[in-house]
Amino acid sequence: MRLSRFFLPSLRETPKEAEIASHRLMLRAGMMRQEASGIYAFLPLGLRVLQKICAIVREEQDRSGAIELLMPTIQSADLWRESGRYEAYGKEMLRIKDRHERDMLYGPTNEEMITAIFRSYVRSYKDLPLNLYHIQWKFRDEVRPRFGLMRGREFLMKDAYSFDVDFAGAKHAYNRMFVAYLRTFARMGLRSIPMVAESGPIGGNLSHEFIILADTGESEVFCHSDFLDFEVPGPDVDFGSVAGLQSIVDKWTSLYAATSEKHEAAAFAKLAVDKRVSARGIEVGHIFYFGTKYSEPMKALVAGPDGVERPVHMGSYGIGPSRLVAAIIEASHDEAGIKWPEAVAPFKAMILNLKQGASDTNAACEGLYAELGAKGVDTLYHDLDERPGSKFATADLIGIPWQILVGPRGLAEGKVEMKRRSDGLRELMSPADAVRRLCL
RNA sequence: CGGAGUGUGGCUCAGCCUGGUAGAGCACCUCGUUCGGGACGAGGGGGUCGCAGGUUCAAAUCCUGCCACUCCGACCA
């Protein structure tokens, strides 16, 4: 992509409403724009990151055996009256009426709808286990939206719902999501820690929050420091193995880890002093087992091998991709801007023509751009007539992992300079070597 | 929902107290000189000062109401 053809409305100054780093940087980098309190438009650069995140989420959901569908954002109130949550949910639910004065709502979550879908098709234990998920916009009318995407009212959520014939099956479904989540966040360059959690309004009695540590996190968290070194399961993990998954989950739940709501100071105090981590955290995922909380009132029944119909055991599993955009920035930035992990970066590389218009730098940049394009390396070419300093600032701000600096100074020796955004490492090399490096 | 604030060109803000022809920096357009860490000079365009009332000869400025947004707290993916 040539910057001259792209839409990147970056800001030199920080809009005054932005307090935390991710909010500030997303606005400055031209990734998003606030449309109303807690409601944002994703601009092209932000959308690219969001899509990369969704792609990873999707791959790991699919790998674990979950199946994607897509439910609407607008739901009928009747469904929620069945579960009793239409009244219970309170003012956080955005209630609307259609032209016939029917009560509708903008979905804050989808337990009711997925249960209705399930019950209308599935009758037998033979169709289980089943895990259906979608990635869809949600709306929760927060009392106080803040921190940009971190706590918006409208947000993108991946929500999965598992259906099993009994608790043992549901536990395995829970474990599949547990492991999928560990992998999902790790692929985005995040170290997530599963913490015992309140199950909240979703209901149920088995629940973990996946927390990443960041100074600007909203909640106070406590955990054992060994979590920071645990190995995340590889892509070859066998999601069909009940015992295998259970041992992974056992390991990841063996040490102390809790958010402030579930914190037990006495238990935490038993850890060796140098193993105690007390920090701020951002919740990026939350999984629940809630048994028959919805299947019973909504009559989602399946027949077992004995022919007897029983309410299906359910769980729900959420990840907030739009929040993850912000969370990743919180975990990875410096004074100059964002430092995207490669897996979610909007572009892998960025070419900076330090003397736009000069025939030698132009030719070298065009050559690199064509070559990288041919090799499938997603590249942003800064081809605007700006001074080098301005290009450096923009490149650091938007955080593309690799910057290729093409200027007369290096070109005199036939070299370009490769700069790694994560640590600032710079290296002179031939354009051909630069391409090779990016194709590794 | 309690408390505290803010709304003035695209962005950051001054002007308001003490009413009298709407400003600066950045950004934008033109020309020139520049060009390895957000250049310089000259010229230029752009704002019914959040909205509605009121007071006044005169309102960005004073008064009333409303709206929007932000921050702190309680609450939450």
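All values below were derived from every heavy atom in this structure, side-chain atoms included, with hydrogens, water molecules and symmetry-related copies excluded.
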Q | Sorted by number, the residues of residues 175-183 of chain A with heavy-atom contact under 4.0 Å to RNA chain B | A | none

Report each atom pair, protein N/O against N/O of nucleotides 1-8 of chain B, whose distance is under 3.5 angstrom.
| unit_1 | atom_1 | unit_2 | atom_2 | d |
| --- | --- | --- | --- | --- |
| B/rC1 | OP1 | A/Lys91 | NZ | 3.4 |

**Q.** Close residues, residues 338-359 of chain A, relative to RNA chain B [heavy-atom separation under 4.0 Å]
**A.** A/Leu354

Q. Side chains of A/His313 and A/Tyr289: is there a donor and an acceptor less than 3.5 Å apart?
A. yes

**Q.** Between A/Glu283 and A/His286: side-chain donor-acceptor atoms closer than 3.5 Å
**A.** yes

Q. Rounded to whole angstroms, how far apart are CG on A/Leu27 and P on B/rG10?
A. 17 Å

Q: Using a strict 4.0 Å threshold on nitrogen-to-oxygen distance, state whether A/Glu60 and A/Arg183 make a salt bridge.
A: yes

(Q) Tell me every residue that passes salt bridge (Lys or Arg N to Asp or Glu O under 4.0 Å) with A/Asp378, counting only those two or more places apart in sequence or in another chain. (A) A/Arg48

Q) Can A/Phe392 be called stacked on B/rG36 when the rule is centres closer than 5.5 Å and an angle between planes below 30°? A) no

Q. Which pairs, with at least one residue in residues 343-366 of chain A and sequence neighbours excluded, count as a ring pair (Phe, Tyr, Trp, His ring centres under 6.0 Å)?
A. A/Phe6-A/Phe347

**Q.** salt bridge (Lys or Arg N to Asp or Glu O under 4.0 Å) involving A/Arg2 - partner list, sequence neighbours excluded
**A.** A/Glu366

Q. Near RNA chain B, which residues from residues 28-64 of chain A have a heavy atom under 4.0 Å away?
A. A/Arg28, A/Gln34, A/Ala36, A/Ser37

Q: Sorted by first residue and then second, give each salt bridge (Lys or Arg N to Asp or Glu O under 4.0 Å) pair with at least one member in residues 16-34 of chain A; sequence neighbours left out.
A: A/Arg33-A/Glu35

Q.
I'd like to check the side-chain contact (heavy atoms from CB on, under 4.5 Å) partners of A/Asp229; sequence neighbours left out, ordered by chain and number.
A. none

Between the protein and nucleotides 27-29 of chain B, list every N/O to N/O distance that falls short of 3.5 Å.
none

**Q.** Residue list, salt bridge (Lys or Arg N to Asp or Glu O under 4.0 Å) with A/Asp164, at least two apart or on another chain
**A.** none

Q) What residues form a side-chain contact (heavy atoms from CB on, under 4.5 Å) with A/Asp226, not counting sequence neighbours? A) A/His224, A/Phe230, A/Leu255, A/Lys275

